[in-house]
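Quick notes on the structure that follows.
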2 protein chains.
Amino acid sequence: MKFYEIFKQKLNEAGYKLTTQRRVVFEVIGANEGKHFSPEEIYDIVKVDHPEIGLATVYRTLKLFEKIGIIYRLNFNDGCSRFEMSHLDDESHRHHHLVCIECGKILEVKIDSLQELESYVEKEYSFDIHNHTLKFFGLCSDCKKRRNKCKKESTES
Amino acid sequence: MKFYEIFKQKLNEAGYKLTTQRRVVFEVIGANEGKHFSPEEIYDIVKVDHPEIGLATVYRTLKLFEKIGIIYRLNFNDGCSRFEMSHLDDESHRHHHLVCIECGKILEVKIDSLQELESYVEKEYSFDIHNHTLKFFGLCSDCKKRRNKCKKESTES
DNA sequence: ACTCTTGTTGATAATAAAAATCAAATAAGA
DNA sequence: TCTTATTTGATTTTTATTATCAACAAGAGT
Ligand SMILES: [Zn+2]
Ligand SMILES: [Zn+2]
Ligand SMILES: [Zn+2]
Ligand SMILES: [Zn+2]
């Protein structure tokens, strides 16, 4: 798969080193499409073949991957962040999530409308929609201006 | 406003008492439409007129309000839950949020499309969309069945 | 208004996710 | 290989949220 090449490239572009720990975490997430792992869950999988890797490193790595656009951070209101690979080679594949308020099961939806989507989902997945949430992440006009003016003292967050 | 009457009714229907603490928290949220307060922020406002009310009560009350549908819990990935009044008398008013990834500012969007919405937002708000998240909350087919069969031993979560 | 019962509260301790610390280890370029 | 800035593992710290529990108060019935 070429995901790995893109991953290495993104790391490099951002000025980060390719370490064993980062490669291993990347592989765990990449090998589990459709899953939405928490840091602890990823840590448990990583430990099997690499017991020397620490939990703190998993947290750090996930934060870094999110920052450089390798993964998405998801929130299902279950007390922790969850992560999935971002579709590096096809950004249009961004999918939506169905969260069961009873059993917590998470289903993925591969289409991108909303009005149609709701009725489609209710029928096709036999899912009773109680609520939905839509968020946009981006830059407001103020920050676009500010970002253009002062590109100098850009330090890490 | 009739919000308060609906609030009292919902509390009553669910078998909860109307306490001073609950009334005060309700008033703080109701008097701040367009805001998205964290528990701590609500606590700070509540304290001004009611220093006897404790933080734990604010957390408990918010959780209760969410459960009976008085408020929505929002997540902007800033380390805490945030809350806003649900539109009790007009459910169709559910709005969407613009979250600036730089300054954290939150803007509200009052329309309900998505494809049109994206281009509308980019122009009208001069906002660069980097990402969006859509979640549906509801019941999957399995749980609908299960819920129909065993409505007996329904205890609190 | 008084009582009784049960839900509720305030103060505090307990949890748990995530971040910070820091000496030791290591990737990557010369 | 050597150098050096980056990264890591183990651990502690931080902080949002929940649990605990005795004291308290809402609301139904008298
Ligand atoms: Zn997904
Ligand atoms: Zn379910
Ligand atoms: Zn809002
Ligand atoms: Zn901004």
Side-chain angles (χ1 to χ4, degrees), chain A residues 4 7-26 28 36-44 46-68 70-71 73-83 155-157, chain B residues 4 7-26 28 36-44 46-47 49-68 70-71 73-83 104 155-157:
Chain A
Y4 186 62
F7 160 60
K8 284 201 294 186
Q9 185 189 326
K10 283 215 175 193
L11 262 189
N12 206 34
E13 280 171 3
Y16 296 105
K17 293 177 177 173
L18 176 56
T19 66
T20 302
Q21 291 83 347
R22 287 171 182 167
R23 182 178 50 72
V24 168
V25 170
F26 177 85
V28 167
H36 307 91
F37 287 145
S38 68
E40 300 275 352
E41 287 167 351
I42 293 170
Y43 174 58
D44 286 340
V46 162
K47 265 193 310 192
V48 175
D49 287 328
H50 295 271
E52 74 278 7
I53 295 180
L55 177 58
T57 298
V58 173
Y59 271 102
R60 273 187 303 237
T61 302
L62 293 171
K63 194 171 201 178
L64 172 64
F65 285 4
E66 184 192 13
K67 184 165 142 193
I68 64 178
I70 298 294
I71 59 175
R73 179 187 299 266
L74 308 172
N75 186 292
F76 298 121
N77 292 327
D78 66 344
C80 62
S81 290
R82 295 183 170 275
F83 298 87
T155 54
E156 303 303 332
S157 62
Chain B
Y4 186 62
F7 160 60
K8 285 201 294 185
Q9 185 191 327
K10 284 214 174 193
L11 263 189
N12 207 32
E13 280 172 0
Y16 296 106
K17 292 176 179 175
L18 176 55
T19 65
T20 302
Q21 291 84 348
R22 287 171 182 168
R23 181 178 51 70
V24 169
V25 170
F26 177 85
V28 167
H36 307 91
F37 287 144
S38 68
E40 300 274 352
E41 288 167 349
I42 292 170
Y43 174 59
D44 286 341
V46 162
K47 263 194 308 193
D49 287 328
H50 296 272
E52 75 279 6
I53 294 180
L55 177 59
T57 298
V58 172
Y59 271 100
R60 273 188 302 238
T61 302
L62 292 171
K63 196 171 201 179
L64 172 64
F65 285 5
E66 184 192 13
K67 184 164 141 192
I68 64 178
I70 297 295
I71 60 176
R73 178 187 300 265
L74 308 171
N75 186 292
F76 298 120
N77 292 328
D78 65 344
C80 61
S81 290
R82 295 182 171 275
F83 297 87
T155 53
E156 303 303 333
S157 65

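So you know, we letter chains A, B, ... as the sequences are listed, proteins then strands, and number each from 1.
The side chain of Y59(A) contributes no N or O atom lying less than 4.0 Å from OP1 or OP2 of dA19(C). Close to dT8(C), at under 4.0 Å from its OP1 or OP2, lies a side-chain N or O of R22(B). Phosphate proximity of dT17(D) to S81(B): present, with a side-chain N or O under 4.0 Å from OP1 or OP2. Under 4.0 angstrom from either OP1 or OP2 of dT17(D) there lies no side-chain N or O belonging to K63(B). An OP1 or OP2 oxygen of dA27(C) is reached within less than 4.0 angstrom by no side-chain nitrogen or oxygen of Q21(A).
With hydrogens and angles ignored, no donor-acceptor pair under 3.5 angstrom links the side chain of R60(B) to the base of dG7(C).
At a threshold of 4.5 Å between non-hydrogen side-chain atoms, the residues D49(A) and V24(A) do not count as touching.
Note on ring orientation: taking the six-membered ring where Trp is involved, the planes of F26(A) and Y4(A) are tilted (angle from 30° to 60°).
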What are the atom names and distances for every N/O pair under 3.5 Å that joins the protein to nucleotides 27-30 of chain D?
unit_1	atom_1	unit_2	atom_2	d
dG27(D)	OP1	L18(B)	N	3.1

Could you tabulate the donor-acceptor pairs under 3.5 Å formed by side-chain atoms of residues 53-61 of chain B, not counting sequence neighbours?
unit_1	atom_1	unit_2	atom_2	d
T57(B)	OG1	R60(B)	NH2	3.0
T61(B)	OG1	T57(B)	O	2.6

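With hydrogens and angles disregarded, a donor-acceptor distance shorter than 3.5 Å links the side chain of R22(A) to the backbone of K17(A).
In this structure, D78(A) places its CG atom 10 Å from P of dA17(C), rounding to the nearest Å. The CG-P distance, from N75(A) to dA18(C), rounds to 9 Å in whole Å.
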- CA sep, side-chain torsions, deciding dist, call: E41(B), R82(B), side chain to side chain contact (heavy atoms under 4.5 Å, CB included): CA-CA 9 Å; E41(B) 288 167 349; R82(B) 295 182 171 275; 3.0 Å; yes
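Within the nucleic acid shown, G79(B) comes within 4.0 Å of sugar-phosphate atoms alone, with no base atom in reach, counting heavy atoms only. Looking at heavy-atom distances under 4.0 Å, L55(A) makes no contact with the nucleic acid at all.
Side-chain proximity of A56(A) to dT9(C), dA26(D), dA20(C): nearest is dA20(C).
For the pair P39(B) and S81(B), the tightest heavy-atom approach, listed with the atom from each and the gap, is CD-O, 3.2 Å.
Each of I53(B) and E40(A) lies near DNA chain C, and the nucleotide nearest I53(B) is the one positioned closer to the 5' end.
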